[in-house]
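The block underneath contains the structure these notes are about, expressed in structure tokens.
FYI, side chains are in, hydrogens and waters are out, and symmetry mates aren't considered; it's all heavy atoms of this structure. Atoms within each ligand, like the ligands themselves, are counted from 1 in listed order.
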Amino acid sequence: MSKTFIHVLVENEVGIIQLNRPKALNALNRKMVDEIVEQMEAFDADNSIRVIVLKGNERAFAAGADIEEMMEETPLTLEVLDPFAVWDRLSLIKKPTIAAVNGFALGGGFELALHCDLIIAARDAKFGFPEVKLGVLPGAGGTQFLTKAMGRRKALEWIWLGESMTAQEAEKYGVVNRVVEAELVEEEAMRLATRLAKQAPISLRLIKESVYKAEDLPIVDGKMLERKNFYLAFASEDQTEGMRAFKEKRPPTFKGE
Ligand code: CAA
């Protein structure tokens, strides 16, 4: 597939996707979302990649779904096309994903960041769901992700008012992991990605599944899943290597096997 709206790079086992529609502040049209999803899946299936980083540019991570593309839709065209269904595939990515956010992360852009496991934000980044001002609402998971992150009352306030939240506010409510100076966002995301790339990949994968299930499952069922994943980890060579390295007082080398 030729990539029209993204750049793809690989650095030290980190797969990097840069959104590349700068004139429209990386507004997400359908082709762009397809490209992002397909590249995320390609990295997920690639054994030489351990972590995936998604970034925009200085001005915008992404300023939302492409309003121009959307404005002539009808309920029936939307029902038939089901443009948000493809986003569900982002929730199936097994490797750690990090969003490096500079500038605007609005509407679908915020939802894209929220589909990532971790978010590094520039001090002057702006997060928000302005859909209410367009007479609609978030459609790619925003109401769900934000409610899980900050609780019902705060989520309602933000999404009802459609105001942007600062990176500091987003951090305060647990919506982003770290806030750094704008020029350090990518460096910080890569630093974190490189650290994660050294961890045991199968552990990371089983931890990701267990933590996400904690949001949905009753604790008894979540503990059961965690326990099974713990037992499953003992099928990996990395478990043998990790414990042997501890005994031999040396750093482990994990292969993801
Ligand atoms: N869709 C299409 N084009 C967009 C866009 C979007 N979401 N956001 C910005 N653009 C375009 C602008 O139309 C403009 O294009 P032209 O130069 O051709 O006029 C260009 O990007 C630059 O934008 P501005 O001139 O508006 O830049 P600004 O600095 O004055 O304002 C902004 C920046 C506050 C982000 C403003 O662009 C804005 O409000 N954008 C729309 C944000 C929005 O409503 N997002 C939600 C979309 S709906 C959605 O995402 C649904 C969902 O849940 C999936």
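Ranking the protein heavy atoms by distance from atom 49 (C) of ligand 1 puts Glu131 OE2, 3.3 Å first. In this structure, the protein non-hydrogen atom closest to atom 20 (C) of ligand 1 is Lys23 O, 3.3 Å. At the top of the distance list for atom 36 (C) of ligand 1, counting protein heavy atoms only, stands Leu25 CD1, 4.7 Å. Atom 54 (C) of ligand 1 has Glu111 OE1, 3.3 Å as its closest protein atom, hydrogens excluded (heavy atom only). Of all protein heavy atoms, the one closest to atom 30 (O) of ligand 1 is Arg59 NH2, 4.8 Å. Remark: minimum distance from atom 3 (N) of ligand 1 to any protein heavy atom is reached at Ala27 CB, 4.0 Å. For atom 44 (O) of ligand 1, the closest non-hydrogen atom on the protein side is Pro130 CG, 3.5 Å. Among all protein heavy atoms, the one lying closest to atom 11 (C) of ligand 1 is Ala24 CA, 3.9 Å.
Not a single heavy atom of Phe129 sits under 4.0 Å from any atom of ligand 1. The closest approach between any non-hydrogen atom of Lys133 and ligand 1 is not below 4.0 Å. Under a 4.0 angstrom heavy-atom cut-off, Pro138 registers as being in contact with ligand 1.
Between Asp216 and Lys148 there is a salt bridge, with a side-chain nitrogen of the basic residue lying less than 4.0 Å from a carboxylate oxygen of the acidic one. In this structure, Arg153 does not pair ionically with Glu157, as no charged nitrogen and carboxylate oxygen lie closer than 4.0 Å.
Those atoms of ligand 1 with a heavy atom of Leu134 less than 4.0 angstrom away are 44 (O), 47 (C), 48 (S). Of all atoms in ligand 1, listed by their number and element, those nearer than 4.0 Å to a heavy atom of Met70 are 48 (S). Listed by number with element, the atoms of ligand 1 under 4.0 Å from a non-hydrogen atom of Gly108 are 49 (C), 50 (O), 52 (C), 54 (C).
Aromatic ring pairs are classed by plane angle as parallel below 30°, tilted from 30° to 60° and perpendicular above 60°; the pair Phe127 and Phe110 is tilted. Phe234 and Phe230 have tilted rings, their planes meeting at an angle from 30° to 60° on a 0 to 90° scale. The aromatic rings of His115 and Trp87 are tilted relative to each other, their planes meeting at an angle between 30° and 60°.
Counting only non-hydrogen atoms, the option in Leu106, Val136, Ile67 that gets closest to atom 41 (C) of ligand 1 is Ile67.
Looking at ligand 1, you won't find any N or O of Phe84 less than 3.5 Å from one of its N or O atoms. Residue Ala63 has at least one nitrogen or oxygen atom sitting less than 3.5 Å from a nitrogen or oxygen atom of ligand 1, judged on distance alone. Checked against a 3.5 angstrom limit, the closest N/O atoms of Leu137 and ligand 1 fall outside it.
Not a single donor-acceptor pair under 3.5 Å links the side chain of Lys55 to the backbone N or O of Val185. Not one N or O on the side chain of Asn102 forms a donor-acceptor pair closer than 3.5 Å with the backbone of Ala122. A donor-acceptor pair under 3.5 Å is formed between the side chain of Glu241 and the backbone N or O of Thr253.
By the rule that hydrophobic residues join a cluster once side-chain heavy atoms approach within less than 4.5 Å of another member, Val51 and Val37 end up as members of separate clusters. Connection of Ile17 to Val10 is established within a shared hydrophobic cluster, with ILVMFWY side chains joined at heavy-atom distances below 4.5 Å, either directly or through further cluster members.
Proximity of atom 18 (O) of ligand 1 to the protein is not indicated, since no non-hydrogen protein atom lies closer than 4.0 angstrom. In this structure, atom 39 (O) of ligand 1 has no protein heavy-atom contact shorter than 4.0 Å. There is no protein heavy atom less than 4.0 angstrom from atom 13 (O) of ligand 1. Using a 4.0 Å threshold on non-hydrogen atoms, atom 28 (P) of ligand 1 counts as touching the protein.
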**Worked verdict on Val14 versus Leu196 for side-chain contact (heavy atoms from CB on, under 4.5 Å)** = CA-CA 9 Å; Val14 180; Leu196 287 172; over 6 Å; no

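The neighbour count for Arg30 CZ, taken as heavy atoms of other residues, nucleotides or ligands under 6.0 Å away, is above 12.
The line from CZ of Phe43 to NZ of Lys95 is 9.5 Å long, rounded to the nearest 0.5 Å.
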